[in-house]
Amino acid sequence: MTKTRDGFVSLRISKQVLRQWWHGFQFVGHYKIVIMHQYIKEFPTHEGKEITVKGWVANKRESKTNIFVVFRDGSGFAQCVISLDAVGEEQFELAKSLTQESSLALTGMVVKDEKQMGGYELQVSSLEIYHISAEYPIANKAHGVRFLADKRHLWLRSKRQWAIMRIRNELKMGIHEYFQNNGFIQMDSPIFTGSACEGTTDLFETDFFGEPAYLAQSGQLYGEAMAMAQGKIYTFGPTFRAEKSDTPRHLAEFWMIEPEMAFYTNEMNMDLIEAFTKHLINRVLKNNQTELEVLGRDISKLESVNQVFPRVKYVDAVQILQGNKEVNGKNAITVQEEDLAAAKQGIEEKNAEVKERETTIAGGVKKGVRKFNESKILQLKKEISTLEEQCRNIPKWIESARNFKDGEDFGGSDETVLTRVFDAPVMVYNWPSKIKAFYMKEVDGDPNYVKGVDLLAPEGFGEIVGGSERETSLDVLVRKIKEHDLPMSEFEWYLDLRRFGSVPHAGFGLGLARIVRWVCNLDHVRETNPFPRRYGRLTP
RNA sequence: GCCUUCAUAGCUCAGUUGGUUAGAGCGGUUGACUGUUAAUCAAUAGGUCCCUGGUUCGAGUCCAGGUGAGGGCGCCA
């Protein structure tokens, strides 16, 4: 029982229980009874009971005396059976008028049925329609990415998108849980920044009371200030990059998590990254089994996080990438050549199957058999075109990896080639100073390298975390700001952190979209955000 | 910005060496069917073949330019 705002006491109660209690129930004082509906996710606890659920029609199949509604209520999907006998003619006629995405309340008995997703179905005794949906544009079949992106506000209702958003939510909960349980304080870094430290080309400019202001690309420097006050902190907020990056890994607006820890070395930083990542993935594995199943995710690939993450120095990673150094008997270049050969063979096999199925159809078969073969052929052709794209790309990747110049940053394909030789996520550390940011601490005795670390996800997903130990010396920092040709005046407040009790500290940044993409095995980050903002897409 | 593939019904796609009246499935509508899993079966409506120009007796199909999209790369505290 909970007290409502108007001073009444509300009581969660089902219709059936209410009916049982009705005669013996005494109204004493100011009580109000609120009849609550239930949720599909709770079906197991309602087995054998009559309950009401409220939601939408995801799909409908109809026969003379039965209507099967695949019903969704946000908490899950379940089949609801409306039979003529149970609801009577009038309500059955009403049910016939239901279209995809019509909204309604269904009352009925929860019954176990192993064939159903979730293991239960609802045998409906009555229904109440809220709204009959107009013709719904998204059918229960394949659509193109452009069409779906235009219909994002509706696409979110699809089972696959439902699963992704739930996993995204679980990851966010896991992030807060991990940090809160480990002594971190969450801080909110500013979104408006007044200074354009490194030029304005990658920044979104806005008008701040007549002054130019820019949307934040990172909260890290502010996080460092807060870490000097609170010890261990993390930011969790939106960041904005105006780069014209049209790749499956980039968004113009994305959510970033940036922990910063006083008295942490890069070693400790890497330990944290590893423990943190393990926590997140294991939490999803435990709590999102249904969602992972909807996505068809290979669980064993995610379970690989429970191994020790390999830690590879940049110089060794370069050797591995160029094919000069093997990992567990695997050569990066050879693995790519094998992938290429496998793709070519796959194309041949699939082409042969297409021909075989076309011959079957040409022979004259029943409509059902023909349709089955036709849809198979369509699917095969799609798979073939994916493989053909691989055949075009892999040789370029091999070329790029072989000719990789020591001292440069890894490109998207280089990360893919590198991670293919590892089963677990891999950490690359001690990067060349030239390609990394000014605030990274130089490796002791070798100023050509800095104590930075990138976490690369397996299966070709690439960088999801970037971090480093921060430079502590005022003199070195001043020198580096000059070397990077940055405006010293903008960093005066940041340099104060090195003037007043400077300490060793480290931190990292995690892109939420990137980890969602990896966990859900998505081709593109555009599916990771409810309404993604990226180069070439601002609506809906 | 570069490379590459593509643009045909509301959606996903066929459309042969250029040939006369433009094809299927899904979705919509109507009807049939006692348990379906993207149900099935029968019927029905639905088209500026992206745009502009060219070659040709004839262009959805060939050529040139444009526009838009997919994939790869680049850019990328």
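All chains are named by letter (A, B, ...) in the order of the sequence lines, taking the proteins before the strands, and each is independently numbered beginning at 1.
- Distance CD (A:Gln100) to C1' (B:U29): 16 Å, rounded to an integer number of Å.
- Taken to the nearest 0.5 Å, the CG atom of A:Asn393 stands 10.5 Å off from the CD atom of A:Gln336.
- Here the separation of B:U29 from B:A39, taken at their P atoms, is 15 Å to the nearest Å.
- Using atom C1' as the reference point in both B:A14 and B:C75, the two lie 40 Å apart (nearest Å).
- Put simply, CG on A:Leu387 is 16 Å from P on B:G71, counting in whole angstrom units.
- Residue A:Arg526 is in sugar-phosphate contact alone, with no base atom involved, counting any heavy-atom pair closer than 4.0 Å across all strands shown.
- Taking atom P on both nucleotides, B:C26 is separated from B:C41 by 7 Å, rounded to a whole Å.
- Sorted by first and then second residue, the side-chain hydrogen bond (donor to acceptor under 3.5 Å, both in side chains) pairs with a member in residues 408-417 of chain A read A:Ser400-A:Asp414; sequence neighbours excluded.
- Residues satisfying the side-chain hydrogen bond (donor to acceptor under 3.5 Å, both in side chains) test with A:Lys112, not counting sequence neighbours, are A:Tyr120.
- Distance A:Tyr136 OH to B:U29 P: 16 Å, rounded to the nearest Å.
- Under the 3.5 Å distance criterion, the side-chain polar atoms of A:Thr528 are left unmatched by any main-chain donor or acceptor of A:Val516.
- If you check every strand for non-hydrogen atoms under 4.0 Å, A:Ser413 touches sugar and phosphate atoms only.
- Ring-plane geometry between A:Phe236 and A:Trp255 is classed as perpendicular, the angle between the planes exceeding 60 degrees on a 0 to 90 degree scale with a lower cut at 30.
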Report each atom pair, protein N/O against N/O of nucleotides 2-8 of chain B, whose distance is under 3.5 angstrom.
| residue | atom | partner | partner atom | Å |
| --- | --- | --- | --- | --- |
| B:U4 | O2' | A:Arg392 | NE | 3.4 |

Residue pair A:Arg498, A:Glu471: steps toward the salt bridge (charged side-chain N to carboxylate O under 4.0 Å, His left out) verdict: CA-CA 9 Å; A:Arg498 274 68 176 175; A:Glu471 183 56 62; over 6 Å; no
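- Straight-line distance from the CG atom of A:Asn403 to the P atom of B:C73: 16 Å, rounded to whole Å.
- Between A:Lys151 atom NZ and B:G27 atom P the separation is 18 Å, expressed in whole Å.
- Ring centers of A:Phe438 and A:Phe491: under 6.0 Å apart, within the cut-off.
- Of the candidates B:G28, B:C76, B:C73, B:C73 carries the atom nearest the A:Trp397 side chain, counting heavy atoms from C-beta on.
- To the nearest 0.5 Å, atoms CD (A:Glu459) and CZ (A:Phe461) are separated by 5.5 Å.
- Identified under the salt bridge (charged side-chain N to carboxylate O under 4.0 Å, His left out) test for residues 149-161 of chain A, with sequence neighbours left out: A:Glu101-A:Arg157, A:Arg146-A:Asp150, A:Asp150-A:Arg537, A:Arg160-A:Glu527.
- The gap from the P atom of B:G70 to that of B:U12 amounts to 13 Å, rounded to the nearest Å.
- A:Gly144 comes within contact range of the sugar-phosphate backbone alone, with a heavy-atom separation under 4.0 Å but no base atom that close.
- Remark: C1' of B:A69 and CG of A:Leu148 are 14 Å apart, rounded to the nearest angstrom.
- Defined by atom type and a distance below 3.5 Å, a donor-acceptor pair is present between the side-chain atoms of A:Tyr439 and A:Gln220.
- When heavy atoms are screened at a 4.0 angstrom cut-off, A:Gly412 is found touching the sugar-phosphate backbone but no base atom.
- For B:C76, the base has a donor-acceptor partner in the side chain of A:His250 [N/O atoms by modelled type, under 3.5 angstrom].
- Annotation: B:A9 and B:C49 have their C1' atoms spaced 10 Å apart (nearest Å).
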Close N/O contacts between protein and nucleotides 31-38 of chain B (under 3.5 Å):
| residue | atom | partner | partner atom | Å |
| --- | --- | --- | --- | --- |
| B:U34 | O4' | A:Thr65 | OG1 | 3.3 |
| B:G35 | N1 | A:Glu121 | OE2 | 3.0 |
| B:G35 | N2 | A:Asp113 | OD2 | 3.4 |
| B:G35 | N2 | A:Glu121 | OE1 | 2.8 |
| B:G35 | N2 | A:Glu121 | OE2 | 3.3 |
| B:U36 | O2' | A:Arg61 | NE | 3.4 |
| B:U36 | O2 | A:Arg61 | NE | 2.6 |
| B:U36 | O2 | A:Arg61 | NH2 | 3.2 |
| B:U36 | O2 | A:Gln79 | OE1 | 3.3 |
| B:U36 | N3 | A:Gln79 | OE1 | 2.8 |
| B:U36 | N3 | A:Gln79 | NE2 | 2.8 |
| B:U36 | O4 | A:Gln79 | NE2 | 2.5 |
| B:U36 | O4 | A:Gln116 | NE2 | 3.1 |
| B:U37 | N3 | A:Gln116 | NE2 | 3.4 |
| B:A38 | N3 | A:Asn140 | O | 3.0 |

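- When the C1' atom is used for both B:U44 and B:C63, the distance is 41 Å, rounded to whole Å.
- Counting to the nearest Å, the P atom of B:C11 and the CG atom of A:Asp150 are 10 Å from each other.
- Residue A:Arg241 has its side chain nearest to B:C76 when only B:C76, B:C26, B:G28 are considered.
- A 4.5 Å side-chain heavy-atom check between A:Glu121 and A:Gln116 finds at least one atom pair inside the cut-off.
- Between the side chain of A:Ser245 and the base of B:C76 there is no donor-acceptor pair of N/O atoms closer than 3.5 Å.
- Side chain of A:Asp73 to main chain of A:Gly76: a donor-acceptor pair is present (N/O by atom type, distance under 3.5 Å, no hydrogens or angles).
- In the model, A:Ser218 has a side-chain atom that pairs as donor or acceptor with a side-chain atom of A:Glu258 under 3.5 Å.
- Closest-nucleotide positions on RNA chain B for A:Gly411 and A:Lys60 were compared, and the one nearer the 5' end corresponds to A:Lys60.
- A:Arg479 and A:Glu442 are joined by a salt bridge, as a carboxylate oxygen and a charged side-chain nitrogen come within less than 4.0 angstrom of each other.
- Taking the C1' atom of each, B:C11 and B:A7 are spaced 15 Å apart, rounded to whole Å.
- The gap from the C1' atom of B:G71 to that of B:U52 amounts to 28 Å, rounded to the nearest Å.
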Intra- and interstrand pairs of RNA chain B - dot-bracket, Watson-Crick/G-U under 3.5 Å, | marks other strand: (((((((..((((.....[...)))).(((((.......))))).....(((((..]....))))))))))))....
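- Note: CG (A:Leu154) to C1' (B:G10) measures 14 Å, nearest angstrom.
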